[in-house]
Colleague: 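Dumping the structure here so I can ask a few things about it.
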Amino acid sequence: MHPGRSWQSCSPARAARHAHPPMRWRRGWRDPAILVISRPVTYWDRLGWKDRLGREANTRLQRQYGDTAFAGANIYTPQLVVDGRTQGVGSQEARARKLIADAGAVRERSGVTVRIVRATDGGRSVILGGKAGAGAEVILVALSSRETVSIGRGENGGRKVSYTNVVIDETPLGRWFGGSQTMALRAQQLATPGADRYALIVRQGQGGAVIGSAVI
């Protein structure tokens, strides 16, 4: 989705669930079945202040969602993207909860499974199952579980904003075309500087639907 100067994506995430919603609702989002990912964007840099967490890759992905999944719809902040299929204003809690519940039902029907098994050398085995349609990319996402940024300019100038699960880096692991498949994660791939949490996303191409996910 895109809170203020960033966007976070999330979608329901039990075993094979992944959600792309918010941020700071009244009580916060503490459901362990929801994977929240914050993706700070860069197009507000023109205000004269650069968010240290902003990544061009986040901006590209948001635009790809707008062009591909949302039929050329405008991008904005704060924008909530749920499983790359639906979107809404990140501050609208009731709408976000409905989008996430609907995405969860789609995941249940899909039958896609993502299992993570710890290896003796500190790595992981990623075990995929189900149908992938025309194929999907498997992506390792390195996250910082909490970051606080001092806003320098704009409508939030002078304020401090905290983000959850900010993207630090992303690594493509390979393609999956359905059926049972196992991918290996080396221990070194889980040692990204600045990251203290990792997630796995199974996505049908850039700007495509997220059909599976797991927290490592």
Colleague: Quick one: side-chain hydrogen bond (donor to acceptor under 3.5 Å, both in side chains) partners of Arg109, sequence neighbours excluded?
Modeller: none
Colleague: Pick from Thr59, Asn58, Asp51: which one makes a side-chain hydrogen bond (donor to acceptor under 3.5 Å, both in side chains) with Thr42?
Modeller: Thr59
Colleague: What's the spacing between Ile216 CD1 and Arg118 CZ if we round to 0.5 Å?
Modeller: 10.5 Å
Colleague: For the residue pair Thr77 and Val41, establish whether any side-chain heavy-atom pair is separated by less than 4.5 Å.
Modeller: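 Heavy-atom side-chain distance check passes, below 4.5 Å.
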Colleague: Check whether any side-chain heavy atom of Asn165 lies under 4.5 Å from a side-chain heavy atom of Val141, and answer yes or no.
Modeller: no
Colleague: Looking at every heavy atom in both Ser150 and Lys160, which two are closest together, and how far apart are they?
Modeller: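 Nearest pair, atom of Ser150 first, then Lys160: OG-CE, 3.5 Å.
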Colleague: Does a side-chain N-to-carboxylate-O contact under 4.0 Å join Glu93 and Arg97?
Modeller: yes
Colleague: Please step through side chain to side chain contact (heavy atoms under 4.5 Å, CB included) for the pair Val149 and Leu53, ending with a clear verdict.
Modeller: CA-CA 8 Å; Val149 173; Leu53 302 174; 3.4 Å; yes
Colleague: When you measure from the side chain of Gln204 to the backbone N and O of Ala132, does any donor-acceptor pair fall under 3.5 Å?
Modeller: yes
Colleague: Tell me if a side-chain donor or acceptor on Ser144 pairs with a main-chain N or O of Ala195 at a distance below 3.5 Å.
Modeller: no
Colleague: On a heavy-atom basis, which atom in Gly84 and which in Tyr65 lie closest, and how many Å separate them?
Modeller: CA-CE2, 3.3 Å
Colleague: Given side chains that start at C-beta, do those of Arg203 and Ser213 come closer than 4.5 Å, heavy atoms only?
Modeller: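 In short, these two side chains do not touch, never coming nearer than 4.5 Å.
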Colleague: For the backbone of Ser145 and the side chain of Asp196, can you confirm whether one donor and one acceptor N or O come within less than 3.5 Å of each other?
Modeller: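 Yes, because the side chain of Asp196 sits within donor-acceptor range (under 3.5 Å) of the backbone of Ser145.
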Colleague: Write down the atom of Ile100, the atom of Ile34, and the distance for their closest heavy-atom approach.
Modeller: CG2-CD1, 3.4 Å
Colleague: Group every Ile, Leu, Val, Met, Phe, Trp and Tyr by side-chain heavy-atom contacts under 4.5 Å, then state whether Val82 and Val106 land in the same group.
Modeller: no
Colleague: Determine whether Gln206 and Arg60 make a side-chain contact, defined as any pair of heavy atoms from C-beta on separated by less than 4.5 Å.
Modeller: no
Colleague: Say you draw a straight line from NZ of Lys50 to CZ of Arg52; how long is it, rounded to the nearest 0.5 Å?
Modeller: 14.0 Å
Colleague: Tell me, with the steps shown, if Leu80 and Val89 meet side chain to side chain contact (heavy atoms under 4.5 Å, CB included).
Modeller: CA-CA 6 Å; Leu80 164 70; Val89 179; over 6 Å; no
Colleague: Test your reading of the model: is there a side-chain donor-acceptor pair from Tyr198 to the backbone of Leu190, 3.5 Å cut-off?
Modeller: yes
Colleague: Side chains of Ser38 and Thr164: any donor to acceptor distance under 3.5 Å?
Modeller: no
Colleague: Table please: side-chain donor-acceptor pairs of residues 166-176 below 3.5 Å, with sequence neighbours left out.
Modeller:
from	atom 1	to	atom 2	distance (Å)
Glu170	OE1	Arg39	NH1	3.4
Glu170	OE1	Arg39	NH2	3.0
Glu170	OE2	Arg39	NH1	3.1
Glu170	OE2	Arg55	NH1	3.3
Trp176	NE1	Gly178	O	3.4
Trp176	NE1	Gly179	O	3.0

Colleague: Evaluate the side-chain proximity of Leu200 to Val126: yes if any heavy-atom separation is below 4.5 Å, no if none is.
Modeller: yes
Colleague: So if you build clusters from Ile, Leu, Val, Met, Phe, Trp, Tyr with side-chain heavy-atom gaps below 4.5 Å, do Leu185 and Ile127 land together?
Modeller: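 Cluster IDs for Leu185 and Ile127 differ.
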Colleague: Tell me which pairs pass salt bridge (Lys or Arg N to Asp or Glu O under 4.0 Å) where either residue lies in residues 206-216, with sequence neighbours left out.
Modeller: none
Colleague: For the residue pair Ser125 and Thr182, what are the closest heavy atoms and their distance?
Modeller: CB-CG2, 4.2 Å
Colleague: How many angstroms lie between CD in Glu147 and OG in Ser162, if you round to the nearest 0.5 Å?
Modeller: 9.5 Å
Colleague: For the pair Ile37 and Leu143, evaluate side chain to side chain contact (heavy atoms under 4.5 Å, CB included) and give the outcome as yes or no after the intermediate values.
Modeller: CA-CA 8 Å; Ile37 297 178; Leu143 305 168; 4.2 Å; yes
Colleague: Quick check: closest heavy atoms across Ala187 and Asp121, and the distance to 0.1 Å?
Modeller: CB-O, 3.7 Å
Colleague: Is a side-chain N or O of Arg124 found less than 3.5 angstrom from the main chain of Gly122, in a donor-acceptor match?
Modeller: yes
Colleague: Could you tell me the separation between the OG1 atom of Thr86 and the CZ atom of Phe70, rounded to the nearest 0.5 Å?
Modeller: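 That separation rounds to 6.5 Å.
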Colleague: Tell me whether Lys98 is salt-bridged to Asp102, with the criterion being a basic N under 4.0 Å from an acidic carboxylate O.
Modeller: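 Judged by the 4.0 Å cut-off on N to carboxylate O distance, Lys98 and Asp102 do form a salt bridge.
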Colleague: Are the side chains of Arg107 and Val210 in contact, using a 4.5 Å heavy-atom criterion?
Modeller: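 Val210 reaches Arg107 side chain to side chain.
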Colleague: Minimum heavy-atom separation for Ala209 and Arg85, please, with both atom names.
Modeller: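 Closest approach of Ala209 to Arg85: CB-CZ, 3.6 Å.
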Colleague: Taking atom CD of Gln87 and atom CG of Asn74, what is their separation to the nearest 0.5 Å?
Modeller: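 Reported value, rounded in 0.5 Å steps: 10.0 Å.
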Colleague: With a 3.5 Å distance limit and no angle check, can you tell me whether Ser110 reaches the backbone of Val112 through a side-chain donor-acceptor pair?
Modeller: yes
